Amino acid sequence: MSVTAPSHARLRARADTLAAPLPPLLAQADQLARTLLMGGHGRRRAGMGEDFWQYRPAQAGDPARAIDWRRSARSDAHFVREKEWQAAQSVHLWVDLSAAMGFTSLKSGLRKSDRAGLLAMALSILLMKGGERVALASLRTPPRLGSVQLTRIAEALSAASDSDYGAPDAADFLPRSRAVFLSDFMGPIEAVEAAVATAADRGITGVLHHILDPAEETFPFQGRTVFTSMGGGMRFETLRARDLKSRYLDRLAARKDRLETLARHAGWRYGCHHTDASAQSALLWLFQAVEGPR
Amino acid sequence: MLVLGPIGFTAPWVLTGLLVLPVLWLLLRAVPPAPIRRRFAGVALLLGLTDETVETDRTPWWLLLLRMCAVAALIVGFSGPVLNPKVTAPATGPLIVVVDGTWADAPIWSARINRLSATLDAASQAQRLVSVVVATDPPLSGGGDQNGATARENEVLQFRAARDWAPLLAGLAPAPYTPVAADFIDALRGVERAETIWLSDGLAYEGRDAMLAALQALGPVSVVQEPRVFTALGPVRRTQAGVTIPVHGLGRGTAASVASSSISVLAYGPDPSGIERVLGQADVPLADGVTPVSFDLPPELRNRVTRFEVADARSAAAVQLADDSLRRREVALISGGRNREELQLLSQLHYLRAAFEGRADVVEGAFGDLIAANPDVIVLADVARLAGSEMADLLDWTRQGGFLLRFAGPRLAASDVARDAEDPLLPVRLRAGGRTIGGAMSWGEPKRLRPFAETSPFYGLPIPDDVTVSAQVMAQPDPDLSARVIATLADGTPLVTRKAVGEGQVVLVHVTANADWSTLPLSGLFVSMLERLTAVTRGDAPEAADLAGQRLRIVQTLDGFGRLSDAGTLPPVAGEDIAGATASRDRPAGLYASESIAVALNVFGPQDRLEPALWPDDVTLLGGAPRHSTPLLPYFLFAALGTLAVDVIASLALTGRLLSVVMFVAVALSGAPKGGQAETLDDAFAFATTGEVTLAHVLTGDPRVDHTAHQGLVGLSRVLASRTSVEPEPPLGVSIETDALDVFPLLYWPVTPQQPLPSADAYAKLNAYMRSGGMILFDTRDGDIAGFGAATPNGTRLQTIARALDIPPLEPVPADHVLTRSFYLLQDFPGRFTGGDLWLEAAPKGAEAAEGMPFRNLNDNVTPVVIGGNDWAAAWAVTDAGRALHPIGSGFGGDRQREIANRFGVNLVMYVLTGNYKSDQVHVPALLERLGQ
């Protein structure tokens, strides 16, 4: 950053401008996350943790100090008090911030990137509430917990990229962690395949969350049209856009199918979400997909 | 001009532009429709797809054809195509153009003039000599030609170049009479050969055939006549209930009459204040022939009617002037004798009643009632004395134009009225006793009447032989006696004397009104004399005999369009000429009047009927509208525009933008019309102000004062919102002229010396506002200099403004007024200034302090005005950020003063909103006592 005229006022003004989208995004995401936050968040199995899970009869090999004497005293057998396994996970988020995500056909002006950012933030809040550590791929930081990390993620999410289409990079992901890819996957599919392959090699499981605008699903165009990509890098001209509709939809379906196959092979999960649908259901699905039992 | 069949081209060379069309075809084919640019994220998926059909790369052939048609239509249109081009064979020789110029032409006079000028244009192109003759106003042979160099010696008609007539056309006007054939034929004298074009008005009139024959002797005659609707009003007749008037119609069956199904006949006359108004209206269905229309007019209105008119007819025949024949004069009969036992034939009033019957409304009764009815004529038959007040009333009535007719009799002869001095209500002094001629004690024969002198109003009336006078009252010979005598006996003694009193007159007939003293009442002369004197008529048009010997002045004339105008100084006309006459150039239609009678000479007489003009076969009848050559340019332009519009839609459809445009238009159309703009504004105003309490201030026009007032109310609104449950909307500045006031509970009115006075409407609104519970706080803003006895400009202005306001008696705020405790307890009411008095509606007298309470029993009414000069708005005013706008006082004292000012504002609003609720506390002991039981 080059501040040529380092006056406080200018610096402050720029900082304000920069910070402006953050509180709404945080607040919005927080609100969305609250709708799913239902008490303690465990692994639903016995393990290391603070909360009571179950009493089970003591078996050979259990250390004596594991026996819950108070429970055992009420019956003849010995019981061991098990606690719920509460282990922190690391989750890597990759949110496509490319220009293509800025497309919208909705009257409300809701872009795909808005929805992706909101889902990413809400998921981060939920996960952190559950004790998980979260990292955003573009930040290139290790997964962390806490509000500082949350703020940094929010900041990074509001920065848009100039490139037409984004490509995930799983090189920095921790082994055996979780990964969440939020994108419209309109770019070259090979980059996604490579990233998923790299991640799967390291034992990373994850979610491919496909975010699409309704117009991309219906292709409501007709007449002579010149289509340009959001960044302006690509250009395609047709004389009768309506004729292209079926073939476009075929290609889109093929892409979805390919992504789903990719996810299945890697042991990942694939979900598709449209920006005109409710964010809450998407978050619910996303959260279950990330946290769900294996 | 190039002529192809029925179409001619004025600019045929433009048609060469059609050669460009093939080039255009090629050009247009090469240019495909413009694409839409769209940003689309899914473009990556589209890459590599190809269009299945390449056909739309070029403009489709039908669209091309459409565009070619548009261009072709433009080219053809600008080449000046004309349908039915006029290619006429030029005629030569002198041309006489005859215009009837009667009242029947008046409704279409401008069209007539246009037609005339078109005829002249044609003649001008043919370079013909033209003479324009208006049949109602032919050139007179006696006048001769002033510039006789060009005209032959005894030729009356002037033939000039057609161009020279054009400036004269504007001066032509239709006449309110029909042409006189003899004059017209006389004017043709000396012309040897000429073709004639006759612009006929379409109605038959006397002498038309003779005129036609005279013209046909000179050359061929063409007649221009178009089917038209004529309407005329016949003479008015009086009926029992009002009047009837025959409406003459002609031409209803033709196509020209489809416009409306009925016509209105209006009766015009002055209202009591002298302004002309429509006194009656009757609608008649359109019909040919004569349709009588009845007007239901009470006598009062009927007497005031001056003319009847067909609405929007613009023709002299559609106007009937009303004259005295329509009026019935009101005659009051008063008799001195109250002897009911006398025989009816001996009654003083019997012959008068008989004479006036059918001619006037006769009223009889007590004197007081009669004079109150304000009759036209009062007849006193042998009444000698009147009570003092009655005499004064009668004199007043006479001075204001009443006609007092007195008859002599035994009582008058026996009394000493007008013996020594002239009585104001008698024309002459009377000698005591009167005289009897031919009686037992006299030596003379009963006297006959001398023929009436020329100066007498009776001049011209024949005197029957059997009229004799045997007794009479005698006039004293006075210097001005001879001037007052209007009828005498054969020996020269006055029989009827008259004098003017103010605007009215007094006439004394020196004999009785019954047959005691003379045989005059038994004769027809008596009736005629009464008619002449009092101008009462039978209701028919006046006969020549009625008007014989009178000279009538022309008061108003009627022009051909049916407009009345003052006659100016036209010479008077002999009465005989008017009676039964028809309007002509010498006797124009209009209103004629002598001093006793008004006669209308109408255009349409009792015998006149509307009949269409019929022309013999050897006359060429030209249709009303000539076969116009129709320029086709507009049609071609319209076709071009139409095809271009279709092209727009087609192009939009091709490029896929049609749907969005249609939706845009639909949205724009559905969004646009939602009631009138003003109405929505008013509604918005009403919604804005009635949703919550809104404080308002009157806009004074001084921006500083208005700003302070507005900010003051902003400050007060904030104080109210923070301290009370009143949470006002942002205050409004209102204009008392335009805004609705009754939605505001309180109006703050800062007074400036330059303030304009409200209009009458605004005053009415303000008064209604104050009566319906609104309150105005007048602030003269001069509390620092105003005081008892000191007049400030603001105070003076307030007095001027308030003069027309309905302001009750005022008093300074009493210490127990509810304003002092409606929210806060206050003793004084400071604003920016302190100490000025605050005035409001005075408490009713006799209010007593309730027992045990410090205030009086005053719980009625909220004062409509509060008047003071402490400039409260300045004390309340805050900036939008909440800081005080004006400094008040100094230091802590100033803050305190501002606080008290705010409290006054709170109290005031509370007082306005809750009324005297706090004042009801006087009843608290009583209420408690009742609850305790």
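Remember, predicted model here, so these are calculated numbers, not experimental data. In what follows, chains carry the letters A, B, and so on, assigned in the order in which the sequence lines appear, proteins first and then strands, with residues in each chain numbered from 1.
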Looking at every heavy atom in both [X] and [Y], which two are closest together, and how far apart are they?
| X | Y | value |
| --- | --- | --- |
| R39(B) | M230(A) | NH1-O, 2.8 Å |
| M186(A) | L45(B) | SD-CD1, 3.8 Å |
| M234(A) | V43(B) | CB-CG1, 4.1 Å |

Atom [atom1] of [X] and atom [atom2] of [Y]: how far apart are they, to the nearest 0.5 Å?
| X | Y | atom1 | atom2 | result |
| --- | --- | --- | --- | --- |
| L47(B) | R251(A) | CG | CZ | 7.5 Å |
| F221(A) | L46(B) | CZ | CG | 9.0 Å |
| R38(B) | T228(A) | CZ | OG1 | 10.5 Å |

Next item on the list: Please say whether more than 12 non-hydrogen atoms of neighbouring residues, nucleotides or ligands are located less than 6.0 Å from CZ in R242(A).
Entry: no
Next item on the list: Please check if atom CH2 in W13(B) has more than 12 non-hydrogen atoms from other residues, nucleotides or ligands closer than 6.0 Å.
Entry: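 Counting neighbours around CH2 of W13(B), 12 or fewer heavy atoms of other residues, nucleotides or ligands fall under 6.0 Å, so no.
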Check: With distance as the sole test, does Y165(A) use its side chain to make a donor-acceptor pair with the main-chain N or O of A41(B) at under 3.5 Å?
Finding: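 Judged by distance alone, yes, a pair lies under 3.5 Å.
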Next item on the list: Name, in order of residue number, those residues of residues 166-173 of chain A that have a heavy atom at a distance of less than 4.5 Å from a heavy atom in chain B; otherwise write 'none'.
Entry: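 Answer by number: none.
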Note to self: Just checking F236(A) against F40(B), ring centres under 6.0 Å apart?
What the structure shows: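 Ring centres of F40(B) and F236(A) not closer than 6.0 Å.
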Next item on the list: Could you tell me which portion of R255(A) (side chain, backbone, both or neither) has an atom closer than 4.5 angstrom to a non-hydrogen atom of chain B?
Entry: side chain
Note to self: Taking the side chain as everything from C-beta on, heavy atoms only, tell me whether R37(B) gets closer than 4.5 Å to E237(A).
What the structure shows: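 Sidechains of E237(A) and R37(B): no contact.
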